[in-house]
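Below is one structure, written out as structure tokens; comments come after it.
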Amino acid sequence: MSSQILQLDIHEFCLCAELPQAVLLEIVEHGIVEPCGATPEQWRFSSHALSVAKRALRLQVELQLEWSGVALALQLLDEVEHLRAENSHLRRRLSRFEQQ
Amino acid sequence: MDFKDYYKVLGLEPGADDKAVKTAYRKLARKYHPDVSKEADAENKFKEVAEAYEVLKSAEKRAEYDELRKYAEQGRPFEPPPGWQPSGHAGFTGGNSAGSEYSDFFESLFGGAGRFQDAGRNRVRRGQDVEMALPLLLEETLADETKTIAFQLPQYSADGQPLPAISKTLNVKIPPGVSNGERIRLKGQGAPGVGGGAHGDLYLIIHFVPHPLFDVEGHNLVLTVPLAPWEAALGSQVTLPTLSGPPIPKQGNGCGSKARGCATKPASRVTCMHCSRSSSRLKPTSLCVRYGHSWPSKPPSIRARSGASDE
């Protein structure tokens with residue numbers, strides 16, 4: 001996948017996501033984004049992580065949530081999205097039989 | 001310009017205390033936040049709620065607003081009283097937030113200056129990243145595909161004032177084998193920076209348009225072939241369409257060894273929905289054929305005798 005080609009280090013990531021490093025450390029600590037690499041200097045982030053971090057930041061500021069709440073919300077939102085996709089997939093498959 | 005009743009937006013009485021304001025905002029923000037809500041027009045509703053909270057949470061702004069509220073008459077276009085000076089209290093608190101654009105009403109009261117907390121210091125700011133969905137037909141994922149995309153980029157002056165959006169058109173090469181939901185980054189194609197800052201990036205998010213025949217599961221294509229029970233029992237010849245190239249004829253049988261026989265072809269997988277047996281010979285990017293039993297809308301003229309299963 002071409003999205004795997006893009007990798008950002010901690011400085012680029014903070015610049016693109018417009019967040020201070022201290023906040024990024026907290027986001028990573030809560031498992032909201034999971035970079036490759038052991039130490040912060042070695043961390044590499046995907047572009048998907050970038051969108052997750054931006055979304056997390058919006059939720060944290062605008063819904064006034066704790067980071068643990070943000071992590072939970074994101075996890076549940078992912079699950080909802082997954083279930084919606086699965087639901088529409090199954091509906092489509094069902095409709096293939098009903099059309100006959 | 002209409003007078004905005006911020007109390008009404010938050011569902012509050014004008015005398016509500018700070019705690020009630022906060023509670024009302026949190027409740028509505030959860031309901032309408034564009035990252036959470038699937039409600040129609042959620043983004044605009046959220047902006048309205050965020051703007052109302054921006055005013056009512058600060059004692060200073062709230063006092064100014066309450067003062068003006070006395071002048072406002074319901075049902076008449078609102079004009080700030082003569083001599084009214086925007087106070088410039090319009091603090092920008094949300095960073096890159098969805099609630100960052102205020103209405104004309106808000107700006108006439110509190111001014112648009114100070115949109116960014118660091119405005120006026122001529123700080124260099126990187127341009128905003130822009131995301132857009134790119135619908136793609138399955139056929140378009142087979143080879144290099146060039147798509148023309150048109151989009152609008154938000155633009156701000158050095159002091160944070162919004163400028164007319166820039167319209168842009170790009171020819172983008174989509175690499176073969178992209179997957180649904182994949183994000184393609186076009187570096188430097190986002191909104192222009194402020195004060196000489198770098199351009200933001202443009203992200204294209206691939207959305208497969210549902211295909212009339214094929215489903216996508218991971219990297220596999222799945223074709224569902226409904227079979228009548230007698231076709232499943234006796235075997236029949238079906239012609240399978242393919243995404244690229246001519247249709248292929250196949251001898252299929254819903255259950256049992258014949259169906260599994262099809263699956264021994266290296267690039268195919270047959271699953272019977274009835275008995276859930278499937279071949280394990282699954283290769284990446286293979287065409288999977290799924291046979292399922294379906295009853296035709298017209299029953300056959302000779303019907304199976306009821307109670308036949310007892311015999």
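By convention in this document, chain letters (A, B, ...) are assigned in the order of the sequence lines, proteins followed by strands, and residues within each chain are numbered from 1. In this text the structure is predicted, and so the values were computed from the model without any measurement. Heavy-atom basis, side chains included; hydrogens, waters and symmetry copies ignored.
With a 4.5 Å cut-off on side-chain heavy atoms, B/Tyr25 and A/Glu62 count as touching. Using a 4.5 Å heavy-atom cutoff, the side chains of A/Leu63 and B/Arg26 are not in contact.
Interface with chain B: from residues 69-77 of chain A, residues A/Leu77 qualify, criterion being any non-hydrogen pair under 4.5 Å.
No part of A/Ser88 comes within reach of chain B, as not one of its non-hydrogen atoms sits under 4.5 angstrom from that chain. No part of B/Lys187 comes within reach of chain A, as not one of its non-hydrogen atoms sits under 4.5 angstrom from that chain. For A/Arg92, the part lying near chain B is the side chain, with the backbone staying farther off; criterion is any non-hydrogen pair under 4.5 Å. Heavy-atom distances place the backbone of B/Val216, and not its side chain, under 4.5 Å from chain A.
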Discussion item. I'd like to know whether A/Leu59 forms a side chain to side chain contact (heavy atoms under 4.5 Å, CB included) with B/Val36, so could you lay out the CA-CA distance, the side-chain angles of the two residues, the decisive distance to 0.1 Å, and finally the verdict.
Written reply: CA-CA 9 Å; A/Leu59 290 174; B/Val36 176; 3.7 Å; yes
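Between A/Arg93 and B/Glu217 there is a salt bridge, since a side-chain N of the basic residue sits under 4.0 Å from a carboxylate O of the acidic one. Salt bridge annotation for B/Arg125-A/Glu18: present, with a cationic side-chain nitrogen under 4.0 angstrom from a carboxylate oxygen.
In this structure, the separation between CZ on B/Arg185 and OG on A/Ser46 is 11.5 Å, given to the nearest 0.5 Å. Taking OH of B/Tyr203 as the reference point, atom NZ of A/Lys54 lies at 5.5 Å (rounded to 0.5 Å).
Between B/Asp129 and A/Cys16 the shortest heavy-atom distance is OD2-O, 3.8 Å.
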